[in-house]
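Structure first, then comments.
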Amino acid sequence: MSEHASSYHNTPKHIAIIMDGNGRWAQKRNKKRTFGHKAGVEKTREIIEACAARGVKSLTLFAFSSENWGRPEDEVSFLMELFVLALKREVKMLNKNNVKLKFIGNISGFNEKLQKSIKDAEKLTKSNFGLELNIAANYGGRWDIVQAVNSAISENRSNSDIKEEITEKLIEKHLSTNYLPALDLMIRTGDEKRISNFLIWQAAYAELYFSDKLWPDFDSTELDCAITDYKARQRRYGMTGEQLETPVVDSDNSGNSNDEAI
Ligand code: FPP
């Protein structure tokens, strides 16, 4: 029987968040946009803790998109400095709380200092087994798909015995998220309703939740609203509601099987 039928399910295993609204939050207070980014970092800490406390396995945060380079130069360099500082300041606490930190995106685009902080943070936390925190930095969904296809092709080229066709499964194997469970819930704050080139492949069957709160105003109560909303949804993966009414045994109790649901 199809494992997709286990559709009324519990806490999402993997949540992704587009943290939007820092700039507007600051402007509403007659402050510079950078003030909003600082508040955004504080909020990030609260939401990471809240996800860990709620048993979320993986949290993927959109920190800096491939397109964010187009922002005013001083904002971009402020963000770079902020990331280095935040990493330095937070990584010990994350490590103490058993958080495993990973970065996805084209990290080679960042300056040496930031690249080193990223590598050090990943190395320090690599054996942790609590919340898996993925920071998408210099990340774009289209970039991810293109790099996955290229990586699959070059693997094929270097392996003269096996020639694999490019399939969905093969692309997934090469996506930067290949070590993560399927994406269950994507949240966007800041009252905008689009995915903005975030995990576009991975979101194929994710539930979407849009909050009108600006990121610095989003809190654990708002997170609970998103999770409650998610839990009430029926994930059909292209099947009918009637098909899903048939009781099934969800062997690993995951309720989350869209590996094969594409
Ligand atoms: C969106 O606000 C936020 C960003 C472009 C990136 C910065 C994110 C943070 C500082 C949060 C902390 C993240 C980490 C991982 C430490 P916006 O500037 O697009 O807001 P606006 O839509 O109001 O202009």
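Whatever order the structure lists them in is the order used to number ligands and atoms, beginning at 1. Hydrogens, waters and symmetry mates play no part in the numbers below; they use all other heavy atoms, side chains included.
Here is the list of ligand 1 atoms found below 4.0 Å of a heavy atom in Thr44: 11 (C), 12 (C), 13 (C). Residue Asp20 has at least one heavy-atom neighbour below 4.0 Å for each of these atoms of ligand 1: 1 (C), 2 (O), 17 (P), 19 (O), 20 (O), 21 (P), 22 (O). For ligand 1 and Gly23, the ligand atoms under 4.0 Å from any heavy atom of the residue are 17 (P), 18 (O), 20 (O), 21 (P), 23 (O), 24 (O). The distance from ligand 1 to the heavy atoms of Met19 drops below 4.0 Å at these ligand atoms: 1 (C), 2 (O), 3 (C), 11 (C), 13 (C). Short contacts between ligand 1 and Leu79, defined as distances under 4.0 Å to a heavy atom of the residue, involve ligand atoms 7 (C).
Using a 4.0 Å heavy-atom cutoff, Gly190 is absent from the residues neighbouring ligand 1. By the 4.0 Å heavy-atom criterion, Arg71 is counted among the residues contacting ligand 1.
For ligand 1, none of its N or O atoms has an N or O atom of Trp215 under 3.5 Å away. Inclusion of Ala86 in the set of residues having an N or O under 3.5 Å from an N or O of ligand 1 is not warranted.
Here the heavy atom of the protein found nearest to atom 2 (O) of ligand 1 is Asn22 N, 3.3 Å. With hydrogens left out, the protein atom closest to atom 7 (C) of ligand 1 is Ala63 O, 3.6 Å, a heavy atom.
Atoms CG and CD1, from Leu223 and Ile17 in turn, are 6.5 Å apart once rounded to the nearest 0.5 Å. From Thr177, atom OG1 reaches atom CG of Asp144 across 5.5 Å, with rounding to the nearest 0.5 Å.
The aromatic rings of Trp143 and Tyr139 sit perpendicular to each other, their planes meeting at more than 60°, with 30° as the lower class boundary.
Of the heavy atoms in Leu214, none comes closer than 4.0 Å to ligand 1.
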* Take Arg188 and Arg194 through the side chain to side chain contact (heavy atoms under 4.5 Å, CB included) test and state the conclusion after the steps. => CA-CA 8 Å; Arg188 181 179 187 137; Arg194 47 178 181 268; 3.5 Å; yes
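Salt-bridge annotation for Glu42 and Arg45: present, with a side-chain N of the basic residue lying under 4.0 Å from a carboxylate O of the acidic one. Between Glu81 and Lys113 there is a salt bridge, since a side-chain N of the basic residue sits under 4.0 Å from a carboxylate O of the acidic one. The existence of a salt bridge linking Lys119 and Glu122 is excluded, since no basic side-chain nitrogen approaches an acidic carboxylate oxygen closer than 4.0 Å. Salt-bridge check for Lys213 with Asp219: failed, with every basic side-chain N at 4.0 Å or more from each acidic carboxylate O.
The option with the heavy atom closest to atom 4 (C) of ligand 1, from among His37, Glu192, Arg89, is His37.
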